[in-house]
Amino acid sequence: MTQTSSRRVASIDAIRALTMMLMLFVNDIPGLKGVPHWLFHAAADEDMLGFSDTIFPAFLFCVGMSVPFAIDNRLRRGASQWSVLSHILWRSFALVVMGLFTLNCEEGAGHIPYLTYSLLMIAGFFLIWTRYEDTPLAHRTAVVTALKAAGALLLLGMVVWCDVQGKPFVTGWWGILGLIGWSYLVTALAYLLCRRTMKWVLVAAVLGIVLCVLNSSSLVPQSWFSRYLLLPFVPGGWSGHAFCLSGLAASMLMRHYKARGQHSRLILLFLGIGAVMLAAGWAAHHWWIVSKIQGTPTWLFFCLALFFPLTAAAYWLTDIKDHTAWTAPIAPAGTATLTCYLLPYVWYPVCGVLGLHLPQGVYYGVAGILLSLAFSLIVIQVARGMKRIGLVVRL
């Protein structure tokens with residue numbers, strides 16, 4: 001595959017960058033008027049696959065695709081299995097913490113003003129999780145330690161303050177980053193256990209899909225202990241884990257066929273898997289509606305029916321044909337992804353407090369859609385500038 005010196009994979013970075021750009025876009029469109037209904041999230045009981053309903057699972061799929069390369073790169077550099085395990089646990093913990101803070105930002109924890117909460121939260125995230133190796137502070141251990149400690153105390157202080165004020169933190173649905181953290185944990189541990197045998201990775205992916213179906217069905221009675229033991233497992237439900245494990249399987253298949261130069265077989269396989277998932281989605285629709293909020297198997301199957309063929313297209317375009325110029329404008333979204341996701345948590349409250357709004361007409365119809373697309377691209381360019389000075393959050 002086309003890789004940089006850091007062993008990055010062009011197609012995975014391209015897919016992740018495009019997905020992050022679209023995530024910024026769909027998070028910005030809820031306030032628009034006069035735009036097609038299919039662009040938005042479907043309601044909880046609405047039988048529809050909205051465009052917005054495909055973006056989060058696409059990101060989970062990308063997370064799964066990245067797992068084997070990230071873990072193998074660490075092992076290749078001499079890290080022990082225990083070191084990799086501790087890194088997996090730390091990344092999962094960090095994502096869950098960020099997810100809870102962003103969720104409680106929306107919930108108004110501790111009666112802290114929205115702007116104050118957001119700025120303190122983002123400051124804490126950057127103090128703790130900035131990649132200081134890329135900054136002038138790289139060799140100033142004491143300063144870096146003090147900054148990380150300050151960030152941890154800041155976040156801890158916010159939790160204590162909210163509790164004292166009588167509106168403590170809630171876990172709720174864990175927030176987007178929290179759900180990613182739980183699914184990453186399941187997928188990374190699965191790969192660490194069976195990374196040398198592709199068939200067991202594929203078994204893990206199929207098992208994730210099976211557990212998603214069981215979780216949404218009555219095949220395992222509510223009274224059975226196994227339902228409580230297996231199906232809840234970790235928060236977020238098995239649909240998210242199934243997306244992530246499917247991405248892991250796709251990545252393993254990609255690596256397997258690429259090593260043998262069997263590009264056409266890989267593309268045909270991914271197209272075939274997409275067709276199977278489409279058929280599974282139509283079959284599942286007899287029992288479940290298409291619902292992201294409910295995490296139905298129908299939603300899972302129809303999304304995977306999109307992701308595998310799109311992955312094949314990205315692989316053909318970037319890794320085989322080496323057409324990567326189109327990714328340049330959005331490249332930071334694939335390499336500074338978390339920073340891109342967090343920046344709107346500063347912009348939106350600042351706009352609200354300062355009253356920074358354009359004329360209402362630009363938030364309508366095509367003009368509004370173009371404005372949201374422009375916003376997503378601007379955020380990515382801001383992240384590009386921050387990356388140049390080393391000011392990025394990286395776990």
Side-chain angles (χ1 to χ4, degrees), residues 1 7 9 11-12 15 57 59-89 91-92 179-215 219-220 226-227 229-234 236-263 265-277 280 297 300-301 303-305 307-308 311-312 315:
M1 300 174 196
R7 296 181 182 272
V9 181
S11 55
I12 294 178
I15 296 169
F59 194 83
L60 286 172
F61 191 81
C62 292
V63 169
M65 290 186 71
S66 301
V67 163
F69 298 97
I71 290 179
D72 286 353
N73 282 345
R74 284 187 167 272
L75 293 171
R76 192 180 294 110
R77 292 196 299 265
S80 66
Q81 294 260 1
W82 287 110
S83 174
V84 172
L85 176 60
S86 66
H87 179 71
I88 291 170
L89 296 176
R91 291 190 77 184
S92 303
L179 293 180
I180 292 173
W182 288 118
S183 293
Y184 166 78
L185 175 63
V186 171
T187 304
L189 290 178
Y191 180 70
L192 197 61
L193 287 172
C194 52
R195 68 185 185 89
R196 297 194 181 279
T197 309
M198 188 176 68
K199 69 177 181 180
W200 289 116
V201 172
L202 300 179
V203 167
V206 172
L207 181 61
I209 294 174
V210 169
L211 288 172
C212 174
V213 173
L214 291 176
N215 191 47
L219 294 175
V220 179
S226 58
R227 186 175 189 94
L229 179 66
L230 288 175
L231 298 183
F233 189 48
V234 291
W238 273 97
S239 58
H241 311 328
F243 280 121
C244 214
L245 287 166
S246 296
L248 173 63
S251 186
M252 292 291 287
L253 289 168
M254 184 186 298
R255 189 158 61 177
H256 173 80
Y257 283 100
K258 172 59 176 70
R260 291 157 177 77
Q262 299 172 335
H263 307 301
R265 286 193 179 184
L266 174 65
I267 292 173
L268 289 174
L269 176 62
F270 278 11
L271 293 176
I273 293 174
V276 170
M277 292 300 168
L300 169 71
F301 290 134
C303 285
L304 291 178
F307 300 160
F308 275 95
T311 300
Y315 176 79

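All values below come from the heavy atoms of this structure, side chains included, with hydrogens, waters and symmetry mates left out.
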Taking the side chain as every heavy atom from C-beta outward, state whether [X] and [Y] have any atom pair closer than 4.5 Å.
{"X": "W238", "Y": "L300", "value": "no"}
{"X": "I267", "Y": "Y257", "value": "no"}
{"X": "L207", "Y": "L245", "value": "no"}
{"X": "L85", "Y": "L189", "value": "yes"}
{"X": "M277", "Y": "F307", "value": "no"}
{"X": "R76", "Y": "N73", "value": "yes"}
{"X": "R195", "Y": "L75", "value": "yes"}
{"X": "L269", "Y": "F308", "value": "no"}

Would you find a donor on one side and an acceptor on the other, under 3.5 Å apart, between the side chain of [X] and the backbone of [Y]?
{"X": "S11", "Y": "Y315", "result": "no"}
{"X": "S86", "Y": "S83", "result": "yes"}
{"X": "R260", "Y": "H256", "result": "yes"}
{"X": "S251", "Y": "G247", "result": "no"}

Spatial distance of atom [atom1] ([X]) from atom [atom2] ([Y]) [nearest 0.5 Å]:
{"X": "M254", "Y": "T311", "atom1": "CE", "atom2": "OG1", "result": "6.0 Å"}
{"X": "R91", "Y": "I180", "atom1": "CZ", "atom2": "CD1", "result": "11.0 Å"}
{"X": "T187", "Y": "F61", "atom1": "OG1", "atom2": "CZ", "result": "11.5 Å"}
{"X": "I209", "Y": "F243", "atom1": "CD1", "atom2": "CZ", "result": "9.0 Å"}
{"X": "S239", "Y": "L211", "atom1": "OG", "atom2": "CG", "result": "11.5 Å"}

If you take all heavy atoms of [X] and [Y], which pair is closest and at what distance?
{"X": "C244", "Y": "V63", "value": "SG-CG1, 3.7 Å"}
{"X": "R255", "Y": "D72", "value": "NH1-OD2, 2.8 Å"}
{"X": "S183", "Y": "L60", "value": "CB-CD2, 3.9 Å"}
{"X": "C212", "Y": "A242", "value": "CB-CB, 4.5 Å"}
{"X": "V67", "Y": "A188", "value": "CG1-CA, 3.9 Å"}
{"X": "C303", "Y": "P57", "value": "SG-CG, 4.0 Å"}

query: Hey, mind stepping through Y191 and Y184 against ring pair (Phe, Tyr, Trp, His ring centres under 6.0 Å) and telling me if it holds?
result: CA-CA 10 Å; Y191 180 70; Y184 166 78; over 10 Å; no
field: Steps toward side chain to side chain contact (heavy atoms under 4.5 Å, CB included) verdict (L253, M198)
entry: CA-CA 8 Å; L253 289 168; M198 188 176 68; 4.0 Å; yes
- request: Go through the steps to decide whether I273 and L304 satisfy the test side chain to side chain contact (heavy atoms under 4.5 Å, CB included), and finish with yes or no.
  value: CA-CA 8 Å; I273 293 174; L304 291 178; over 6 Å; no
message: S66: which residues meet the side chain to side chain contact (heavy atoms under 4.5 Å, CB included) condition with it, sequence neighbours left out?
response: I12, R16
